[in-house]
Amino acid sequence: MHLNLLVLPGDGIGTEVTRQAVAVLRHVAAKWNHSLRITEGLLGGVAIHKTGTPLPPETERLAADADATLMGAVGLPEFDNVAPEKRPEKGLLGIRKLLGVYANLRPVRAYASQLDSSPLKNHLVEGTDMIIVRELTGGIYYGTPRGITENGAEVRAVNTMTYTRSEIERVARMAFSLAGSRRKKVTSVDKSNVLENSQLWRRVVTEVAREFPDIELDHILVDNCAMQLILNPRRFDVVLTENMFGDILSDEGAVLAGSIGMLPSASIGPKRPSGAWVGLYEPVHGSAPDIAGQNKANPLGAIGSVGAMLEYSFGLKKEASAVDAAIEAVLRSGRVTADLRPPGAPATTEEVGEAICAAV
Ligand code: IPM
Ligand code: MG
């Protein structure tokens with residue numbers, strides 16, 4: 001198969017983890033005789049520095065031409081006090097919207113060999129295996145009106161949380177379909193005791209559930225969900241939620257997995273005529289400026305995202321399973337980065353990447 005890929009390393013540790021993820025991809029391609037075309041583009045802070053904008057038109061063009069896009073991380077501390085419109089993050093939000101990748105799949109697993117990495121008690125996290133399905137192109141991240149207005153001495157800030165029936169339907173269908181090949185349970189998360197938006201969310205999800213009679217559906221309020229994730233994570237199979245709740249809950253999920261560096265994600269959108277998903281693949285973590293350039297970052301979230309790309313964008317299930325199996329094997333071997341608190345000396349980003357290639 002021919003794999004035509006855009007890589008957007010972005011900022012901070014994004015460049016380091018994507019380098020390892022691409023090395024793994026090259027390794028997989030060589031082993032299974034796939035040809036690779038990899039183009040690199042600018043996104044985030046690095047794009048602002050080089051072109052003045054976080055999502056340059058050239059990157060938009062490259063993303064439209066690629067079969068799949070792999071992103072590292074965006075964000076630089078020097079933009080901390082800048083308006084949202086001019087920040088590196090705006091580039092990521094822009095490319096998600098451009099590609100129309102409305103469903104962000106974030107698997108959260110507590111690997112048996114990694115239970116001690118989590119600050120939570122082993123008996124709580126053991127056996128955790130869920131996937132968060134986060135709506136990604138709507139909600140308060142994109143709603144208008146938005147902005148800050150000053151009126152005399154007073155200042156007012158507005159953001160708008162908005163969803164339409166069709167936006168909720170399509171991401172709900174994605175969650176129910178995924179549940180079909182898992183433990184057949186969807187938990188929908190909302191704040192319907194306060195927000196009209198969540199009332200619509202709950203109503204539409206309940207309606208979509210009727211199309212999937214073999215899947216069990218329950219609803220939970222987001223505050224309670226935050227608590228249950230820590231108290232009883234095994235109760236969750238597929239967690240379906242809107243954009244901002246999903247952003248927050250997936251960082252909490254990272255504590256179950258031992259480190260945010262562990263979490264991969266697949267952002268998928270409409271299906272192409274070939275049947276493959278349009279996909280943007282990104283680790284859940286950020287650019288971590290505090291450890292950038294030190295060869296310390298955990299590349300497994302980025303490498304797992306390559307596995308997801310092989311599966312969803314290219315339908316290469318065998319190759320995707322090989323990447324997942326390699327991650328498990330390397331975790332068992334103890335060759336992991338400092339964030340996972342290994343008992344011995346931690347491995348570097350590069351060493352973990354090399355170990356994954358060897359295991360593949
Ligand atoms: C994530 C990140 C992004 C988000 C930021 C970098 C814009 O936190 O992917 O979880 O909020 O979606
Ligand atoms: Mg986040």
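Along the sequence shown, residues carry numbers from 1. Predicted model only: the values in this text are computed from it and were never measured. Whatever order the structure lists them in is the order used to number ligands and atoms, beginning at 1.
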Exercise for review: Answer with yes or no whether R134 contacts ligand 1, where contact means a heavy atom under 4.0 Å from a ligand atom.
Suggested key: yes

Practice item. Looking only at non-hydrogen atoms, find the nearest pair between I95 and L55 and report the distance. Key: N-CD2, 3.6 Å

Check your understanding: Which heavy atom of the protein is the closest neighbour of atom 3 (C) of ligand 1, given with residue, atom name and distance?
Key -> R96 NH2, 4.0 Å

Practice item. Would you kindly say whether T349 and Q20 are connected by a side-chain donor-acceptor distance under 3.5 Å? Key: no

Check your understanding: Which atom pair, heavy atoms only, marks the closest approach of I215 to K185?
Key -> CG2-N, 4.2 Å

Point to revise | Heavy-atom closest pair, residues P299 and T337 | key: CD-CG2, 4.3 Å

Revision key, fill the gap. A correct count of protein N/O/S atoms found below 2.8 Å of the Mg ion (ligand 2) gives 1

Point to revise | ligand 1 contact by M244, heavy-atom criterion under 4.0 angstrom | key: no

Exercise for review: Within a distance under 4.0 Å of any heavy atom of E89, pick out the atoms of ligand 1 and give their elements.
Suggested key: 6 (C), 7 (C)

Review point. Counting only heavy atoms, which portion of M71 has something under 4.0 Å from ligand 1: side chain, backbone, both, or neither?
Key: neither

Point to revise | Pair S259, D339: side-chain N/O donor-acceptor within cut-off below 3.5 Å | key: yes

Exercise for review: For K86, look at atom NZ and say whether over 12 heavy atoms of other residues, nucleotides or ligands are found less than 6.0 Å away.
Suggested key: no

Review point. What class does the angle between the rings of Y163 and W201 fall in, given that below 30° is parallel, 30 to 60° is tilted and above 60° is perpendicular?
Key: perpendicular

Exercise for review: Please report the shortest heavy-atom distance between T59 and G41, naming the atom on each side.
Suggested key: OG1-C, 4.4 Å

**Study point:** Shortest protein contact, atom 8 (O) of ligand 1 (heavy atom only)
**Key:** D247 OD1, 3.2 Å

Point to revise | Enumerated ligand 1 atoms positioned under 4.0 Å from heavy atoms of Y141 | key: 4 (C), 11 (O), 12 (O)

Check your understanding: Side chain, backbone, both or neither: which part of R106 has a heavy atom under 4.0 Å from ligand 1?
Key -> side chain

Review point. Strictly by modelled atom types, are Y141 and D247 linked by a side-chain donor-acceptor pair under 3.5 Å?
Key: yes

Acceptor/donor pairs from residues 121-130 side chains to any protein atom, 3.5 angstrom cut, sequence neighbours excluded:
{"unit_1": "N122", "atom_1": "ND2", "unit_2": "D116", "atom_2": "OD1", "d": "3.0"}
{"unit_1": "T128", "atom_1": "OG1", "unit_2": "V125", "atom_2": "O", "d": "2.6"}
{"unit_1": "D129", "atom_1": "OD1", "unit_2": "R182", "atom_2": "NH2", "d": "3.4"}

